[in-house]
Amino acid sequence: MPASSAARPAVPTTLPDGVTIEPIDAFKDNYIWCIRAGGNAVVVDPGEAAPVLAALRAGGLRLTGILLTHHHADHVGGVAGLVHALGPVPVYGPADDRVTEATVRVRDGDRVVLEGLCDGGLAFEVLEVPGHTTSHVAFHGNGLLFSGDTLFSVGCGRMFEGTPPQMSASLDRLAALPPETLVFCGHEYTAANIAFARAVEPGNGAIGEWASEVEARRMSGRPSLPSTLRTERATNPFLRCAEPAVAGAAAAHAGRALSGPVEVFAELRAWKNVF
Ligand code: ZN
Ligand code: FE
C-alpha cells in the first residue's frame, strides 16, 4: 500500500532471490512485464488480457496485483478482462480519474508493496514523471525501473500532454537513479531509436556497442530489454541534451542556436517525430 508516513525504510536496490521478470508480448510491440516468484505474479501495464491469461495458465501462476504507469489503452485495456476472469486484485495506478481501473491511486513518493512475491512484499517507490501524459508514473525499486512510455531504450515517449520542460525534467529524474538500474519500458522501439541516435550522434561508440547487443537479443527472439541506466546515459540522446555533440546536432537540425538542454530536448523530440 502507498505509505504516507515520513519515516519509511529505503526501497531495496537488489531483487530478492527467486523473483524473476518476464516479458509478455502484446499488440504489435508492447511488453507487459510479469514479476513472478513462487506461484504468484504481478503484471505491469496489461494492455490486453488474453496474453496475460495465457502466460499465467502456462506458468501455473496466480495474479496478485497490477501496476499501471498511465491511462493509455495499450497499457490498461486488459485490466477489466483480467479482473473479470480472475477476481479482484490490487491495481496501483496514477491519481487520475482517467485511470478508472486503479483501485489504489498512487502519487510521487508513495511506496507500493506487492504482496506474495517475497517475505514482507516487494516494494517499489512511485515517481511522477509527466510528459507523455500529465499523470504518468514510474515504479522504481529492487534495482528495477518500470518506465512505461516515458523512458524507452535510446529514446523517450512522445509528449502527448506535457511540455518539453516537464518531459526533460522527468527523464533527468529517471536518469539520476543508480546506473545499474535495469530499465523495463513499455515498447520494443529500441532498434528504431538506435537509428535516430546514430543520426544525432554518429561519433558515439557506445551506441554501436548497445546496437550489437540489441541485435543479438532480437535475433535470438528475446526483447532488447532490459537496458540499464548506465547504457541509457551513454546512448540515449534525450538524456544527453547537455552533451556538445547532441546540442550541436539539434542546433544544426533546427537551423538556429538553441539556448540550453530543454530547447535541445524539444528540438530532438520534434526531429524524432518526423525521422
Ligand atoms: Zn502511452
Ligand atoms: Fe504505449
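What you see is a predicted model; the values in this text were computed from it and never measured. Order of listing sets the numbers, starting from 1, for every ligand and every atom in it. Side chains are part of it too, since the values below use all heavy atoms of this structure and drop only hydrogens, waters and symmetry mates.
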Original post:
Quick check: does D74 put an N/O/S atom under 2.8 Å from the Fe ion (ligand 2)?
Top reply: yes
**OP:** Please confirm if an N, O or S atom belonging to H72, backbone or side chain, lies less than 2.8 Å from the Fe ion (ligand 2).
**Re:** no
Original post:
Run the side chain to side chain donor-acceptor pair (under 3.5 Å) check on R222 and S220 step by step: do they pass?
Top reply: CA-CA 6 Å; R222 289 176 294 155; S220 66; 2.9 Å; yes
Original post:
How would you list, by chain and number, every residue that makes a ring pair (Phe, Tyr, Trp, His ring centres under 6.0 Å) with Y31, sequence neighbours excluded?
Top reply: W33
Original post:
Only one of H71, H70, H136, H132 clears ring pair (Phe, Tyr, Trp, His ring centres under 6.0 Å) with F160; which?
Top reply: H132
Original post:
Given the rule in the side-chain contact (heavy atoms from CB on, under 4.5 Å) test, do V137 and F139 qualify, once you have shown the distances and angles that lead to the verdict?
Top reply: CA-CA 7 Å; V137 299; F139 298 92; 3.8 Å; yes
**OP:** State whether the side chain of E263 and the backbone N or O of S259 hold a donor-acceptor pair below 3.5 Å, judged by distance alone.
**Re:** yes
Original post:
Taking the six-membered ring for Trp, are the ring centroids of H140 and F146 within less than 6.0 Å of each other?
Top reply: no
**OP:** Say whether R269 and N273, considering side chains only, have a donor N or O and an acceptor N or O under 3.5 Å apart.
**Re:** yes
Original post:
How open is the angle at the Fe ion (ligand 2) from atom OD2 of D149 over to atom NE2 of H75, rounded to 10 degrees?
Top reply: 90°
**OP:** Output, by chain and residue number, all protein N/O/S atoms separated from the Zn ion (ligand 1) by less than 2.8 Å.
**Re:** H70 NE2, H72 ND1, H132 NE2, D149 OD2
